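Before any comments, here is the structure.
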Amino acid sequence: MDILLLIKTIILGIVEGITEWLPISSTGHLILADEFIQLNMSDAFMEMFNVVIQLGAIMAVVILYFHKLNPFSPKKSRREKGETMVLWSKVLLAVFPAAVIGIPLNDWLDEHFYNPPVVAATLIIYGVLFIIIENRNKRRRRRTMNDLERLSYPMAVGIGVFQVLSLIPGTSRSGATILGGILLGCSRTVAAEFSFFLGIPVMFGASLLKIIKFGFNFTGAEAVVLITGMLVSFLVSIAAIKFLLGYIKNNDFKAFGVYRIVLGILVIAYFALIK
């Protein structure tokens, strides 16, 4: 195992762990990172790696919210267990739109949209949207829904529809669903938490599809790279999730919008002037 390859994998795991939960697009950052931190693995492996590494980040949500998400916890009353089952039913219902569109179009999307120019464009577009929506909310000062248990089924489906946008890399799954939740009347915290939970079945499903497509014949180096990336992204994700939940208690998402715009412009400049 090449030590340089291991270091590069750790860096990519850090990138994934930070960007999976912040609304700045993990897949987009991994595609861009591959331009500078090339693992020199096959294209088929990298296509699979950029998705499956996100399982480590998803496991951070499972661990942090295990009690809240576990409907069979002996520490919960019958009512609390029922509320947890209802929450899961909303999550699974919200997954449906992306599954219906994403599964049949998976190969087509990989072929046409997994490239730096698309990432740059979507980074800028959704960065602008974050700023516009937050400015609008500040002017309107409307009351928001601050209790996850009050999230209705129609709102859950609506957030799931917004998640379809994240099939294009650079959009950010968390960014699209958080934006959707805010537009539908959720508080930033409720929108963020539901986005976290929504990522569990989405990423398990997407990872399973990628692994099946790649096959299970991993070389020793490929197995080490994949496991290392997932482990690092898991550890970093725990810190990233705690940071985001603390940040949005007193701040809006405009800073992330500005970051997306600046990064998108830098990517365009790099490929236009240097690449």
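A quick note: this is a predicted structure, and the numbers were derived from the prediction, not measured. Nothing fancy with the numbering, it's 1 onward along the sequence.
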Could you tell me whether Lys213 atom NZ has more than 12 heavy atoms of other residues or ligands within 6.0 Å of it?
yes
Ignoring hydrogens and geometry beyond distance, is a side-chain donor-acceptor pair present between Thr189 and Ser187 at under 3.5 Å?
no
Where is the tightest heavy-atom contact between Met85 and Pro71, given as atom of each residue plus distance?
SD-CB, 3.4 Å
Would you say that Ile7 contacts Ile11 through its side chain, given a criterion of any heavy-atom pair below 4.5 Å between the two side chains?
yes
Could you tell me whether Glu193 and Lys68 make a salt bridge, using a distance below 4.0 angstrom between a side-chain N and a carboxylate O?
yes
Pairing donors with acceptors under 3.5 angstrom, does anything connect the side chains of Glu20 and Ser26?
yes
How far does CG of Leu179 sit from CG of Leu165, to the nearest 0.5 angstrom?
9.0 Å
Asp43, CG: over 12 other non-hydrogen atoms inside 6.0 angstrom
no
Do Lys254 and Asn135 get their side chains close enough for a donor-acceptor pair, meaning under 3.5 Å?
yes
How many angstroms lie between CD1 in Ile178 and OG in Ser172, if you round to the nearest 0.5 Å?
7.0 Å
Okay, side chain of Glu80, backbone of Ser77: is any donor-acceptor separation there less than 3.5 Å?
yes
Would you say Val190 and Ile133 are hydrophobically clustered, going by side-chain heavy atoms of ILVMFWY under 4.5 Å?
yes
Might you work through the ring-ring contact (aromatic ring centres under 6.0 Å, His included) test for Tyr126 and Phe253, ending with a clear yes or no?
CA-CA 11 Å; Tyr126 287 96; Phe253 286 103; over 10 Å; no
Are the aromatic ring centres of Phe197 and Tyr65 under 6.0 angstrom apart?
yes
Would you check if the distance from the ring center of Phe256 to the ring center of Tyr247 is below 6.0 Å?
yes
From Leu266 CG over to Tyr270 OH, what is the distance, rounded to the nearest 0.5 angstrom?
12.0 Å
For the OG1 atom of Thr19 and the CG atom of Leu32, what is their distance to the nearest 0.5 Å?
10.0 Å
Do Phe113 and Trp108 make the cut of ring centroids closer than 6.0 angstrom?
yes
Just verifying a value: how many Å separate Leu87 CG and Leu69 CG, rounded to the nearest 0.5 Å?
6.5 Å
Side chains of Tyr153 and Ser89 only: does a donor on one sit below 3.5 Å from an acceptor on the other?
yes
Spatial distance of atom CZ (Phe196) from atom CZ (Phe194) [nearest 0.5 Å]:
13.0 Å
Aromatic ring pairing Tyr259/His29, orientation class (parallel under 30°, perpendicular over 60°, tilted between)
parallel
Less than 3.5 Å apart, any donor N or O on the side chain of Lys76 or Thr84 sitting next to an acceptor on the other?
yes
Does the side chain of Thr177 come under 3.5 Å of the side chain of Ser195 through a donor N or O and an acceptor N or O?
yes
In the structure I gave you, are the side-chain heavy atoms of Asn115 and Val119 within less than 4.5 Å of one another anywhere?
no
